[in-house]
Trainee: 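My questions all concern the structure below.
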Amino acid sequence: MISTAVSSPPAHGDVLRVREVTRSFPARTGQVQALDGVSFDVRPGELVGLLGLNGAGKTTLLKIVSTLLLPTSGTVEVCGHDVARHPRAAQQRLSVVLGGDRGLYLRLSAHDNLRFFAMLTGVRGRDLARRSVQALESVGLAEAAGRPVETYSKGMRQRLHLAIGMVTRPDLLLLDEPTVGLDPAEAQNIRAAVARMRSEGTAIVLTSHYLNDIEQLAERVVVLHRGRVLHDLPLPRLLERATSAAVITLNGRGHAPAVPPHGLADQAWVEKVEPTASGWTMVLHVRSWTPDSLRTLADAWPEGQLLDVRVTPSSLQQVFNELADGTRVSA
C-alpha cells in the first residue's frame with residue numbers, strides 16, 4: 001500500500017492522462033514488449049476497470065502510474081504532473097491499495113496504523129484526527145478501531161488498507177485486486193467503501209480478476225491485450241459485445257432435445273444438453289431476449305415437459321471469456 005498527501009484539485013479536466021506509453025524489458029530472446037502505445041484518460045469521480053489476461057500489461061501500467069516504474073516512452077500525467085519528470089508531485093495526488101492483508105503493523109491498533117501512515121504523508125494535527133475518524137467510519141471499522149490489527153480478519157485488514165488509502169483524500173486511487181480472498185460479505189463492504197470514494201470525486205482505476213467488482217463499480221472498461229488497448233468502452237457498450245443477450249438453463253423430463261426448440265433456431269444456439277436423473281438439462285443462448293422469444297420458448301415443449309427455466313442476462317464474465325477465447329485464437 002502506497003499513500004501520499006494530497007494538495008489542491010487537478011488543474012484540468014483529467015486526473016489521469018496516459019499517452020502512447022510503452023515499456024519493454026530485456027530477455028534472453030531479446031526485448032519483451034509489456035506495453036505498446038497505451039493511451040486513455042480518467043476524469044474526476046470516474047471509476048475505470050482495467051481488464052486483461054495474465055501478461056496483458058495491467059501490473060506494469062499500474063507501476064508506471066504509481067511512479068514505481070519508468071515508461072520506455074510516452075507520458076503519464078497525474079493531475080498534470082508527469083510521473084517520470086515530477087514523481088514526487090504525482091505521488092502527492094494518488095494512493096495505491098494492493099490486494100492482500102500485508103504491510104500493516106499487527107500489534108498496533110487500526111487507529112494507530114492509520115495515524116502512522118497518514119503522518120508519513122504529511123497529514124498533521126486536527127486534520128489528521130478528523131480524517132482518521134472519517135476514513136475508519138467509511139470502511140466500517142470505527143467500532144473496532146482500538147483493537148490490535150492482529151485480531152482482525154483478512155477482510156477487516158483489507159478495509160484498513162483502503163482506509164489508509166482514503167485518509168489523504170487522493171485525487172487518484174489505484175486499486176489492485178481489492179477483494180482478493182475475501183468472503184462475499186467482506187467483498188461487498190470493500191465495494192461499498194470504494195463507491196463512496198467515487199461519489200466524493202476520487203478518480204479510481206480498478207484491476208480485479210473478480211469481474212463482479214468491475215461489473216458493480218465501473219462506468220468504463222479498458223481491456224488490454226499484449227500491451228495494447230483492445231477496447232475502451234462504457235460498461236453497457238462492452239456488455240453489448242456479448243454474442244448472446246441471455247443464457248437460459250432449461251430442466252425437463254422425457255427425451256433430451258438435440259437442437260434449439262422449433263421457432264428459435266434463428267435466434268438461439270445450444271451450448272450443451274446433458275441427461276439428468278429426472279430427464280435432461282439444456283443450456284441455451286439467445287441473441288435477443290424479448291417477449292416474443294419468451295413466448296416461443298414457452299410453446300416449444302408439450303405442457304408439463306419443462307420442469308424449470310432459469311434466465312441469466314449477459315454478464316461481464318461472459319464477454320471477457322469470449323474476448324479471451326478470441327485473443328487466444330489470434331495469438
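We number each residue from 1, following the sequence as shown.
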Trainee: So, is the end of the Arg23 side chain (NZ or CZ) under 6.0 Å from the ring centre of Phe25 and within 45° of the ring's axis?
Mentor: yes

Trainee: Output the distance between atom CD1 (Ile64) and atom CG (Leu35), rounded to the nearest 0.5 Å.
Mentor: 5.0 Å

Trainee: Flag the pair Trp280 / Leu307 as yes when at least one side-chain heavy-atom distance between them is below 4.5 Å, and no otherwise.
Mentor: no

Trainee: Between Ser73 and Thr22, is there a side-chain donor-acceptor contact under 3.5 Å, judged purely by atom types and distance?
Mentor: yes

Trainee: Determine whether more than 12 heavy atoms belonging to other residues, nucleotides or ligands lie under 6.0 Å from atom CZ of Arg130.
Mentor: yes

Trainee: Answer whether the closest heavy-atom distance between the side chains of Leu172 and Val205 falls below 4.5 Å.
Mentor: yes

Trainee: With a sphere of 6.0 Å drawn around CD of Glu143, does it hold more than 12 non-hydrogen atoms of other residues, nucleotides or ligands?
Mentor: no

Trainee: side-chain hydrogen bond (donor to acceptor under 3.5 Å, both in side chains) for Gln33 and Arg228? Distances and angles first, verdict last.
Mentor: CA-CA 10 Å; Gln33 196 72 28; Arg228 296 185 177 184; over 6 Å; no

Trainee: Check side chain to side chain contact (heavy atoms under 4.5 Å, CB included) between Asp308 and all other residues, then give those that pass, not counting sequence neighbours.
Mentor: Asn251, Arg310

Trainee: With no hydrogens and no angle check, do the side chains of Gln134 and Arg131 hold a donor and an acceptor under 3.5 Å apart?
Mentor: no

Trainee: Quick one, Asp171 and Val78 - any side-chain contact, counting heavy atoms below 4.5 Å?
Mentor: no

Trainee: I'd like to know if Arg17 and Asp14 make a salt bridge, using a cut-off of under 4.0 Å between side-chain N and carboxylate O.
Mentor: yes

Trainee: Is Val97 close to Asp176 at the side-chain level, that is, under 4.5 Å between some pair of heavy atoms?
Mentor: no

Trainee: Begin with the C-alpha distance, continue with both residues' side-chain angles, and end with the deciding distance and a verdict on side-chain hydrogen bond (donor to acceptor under 3.5 Å, both in side chains) for Asn54 and His209.
Mentor: CA-CA 10 Å; Asn54 290 335; His209 285 97; 3.3 Å; yes

Trainee: Could you walk me through whether Ser95 and Thr168 satisfy the side-chain hydrogen bond (donor to acceptor under 3.5 Å, both in side chains) test, starting with their C-alpha distance in whole Å, then the side-chain angles of each, then the deciding distance to 0.1 Å, before giving a yes or no?
Mentor: CA-CA 8 Å; Ser95 288; Thr168 59; 3.3 Å; yes

Trainee: Can you find a heavy atom in the side chain of Leu235 that is under 4.5 Å from one in the side chain of Glu219?
Mentor: no

Trainee: Do the side chains of Val283 and Val270 get nearer than 4.5 Å, heavy atoms only?
Mentor: no

Trainee: So, do Leu47 and Val194 sit near enough that their side-chain heavy atoms are less than 4.5 Å apart?
Mentor: yes

Trainee: The criterion is salt bridge (charged side-chain N to carboxylate O under 4.0 Å, His left out); which residues satisfy it with Arg107, sequence neighbours excluded?
Mentor: none

Trainee: Out of curiosity, does Val133 fall in the hydrophobic cluster containing Val149 (side-chain heavy atoms, cut-off under 4.5 Å, transitive links)?
Mentor: no

Trainee: Under the rule for side chain to side chain contact (heavy atoms under 4.5 Å, CB included), what residues qualify as partners of Arg220, not counting sequence neighbours?
Mentor: Phe40, Glu46, Val48, Val222, Asp232

Trainee: Using the rule side-chain contact (heavy atoms from CB on, under 4.5 Å), only one of Val21, Asp82, Val38, Leu70 pairs with Val76; which is it?
Mentor: Val21

Trainee: Can you measure from OG (Ser132) to CD (Glu137) and round to the nearest 0.5 angstrom?
Mentor: 11.0 Å

Trainee: With a 4.5 Å cut-off on side-chain heavy atoms, are Thr179 and Asn212 touching?
Mentor: no

Trainee: Please check: side-chain N/O of Lys154 versus main-chain N/O of Leu182, any donor-acceptor pairing under 3.5 Å?
Mentor: no

Trainee: Should we say atom CZ of Arg43 is surrounded by more than 12 heavy atoms from elsewhere, each under 6.0 Å from it?
Mentor: no

Trainee: So, are Glu186 and Arg159 salt-bridged, with charged N and O less than 4.0 Å apart?
Mentor: yes

Trainee: Nearest heavy-atom pair of Tyr152 and Arg157: which atoms, and what distance?
Mentor: O-NE, 3.3 Å

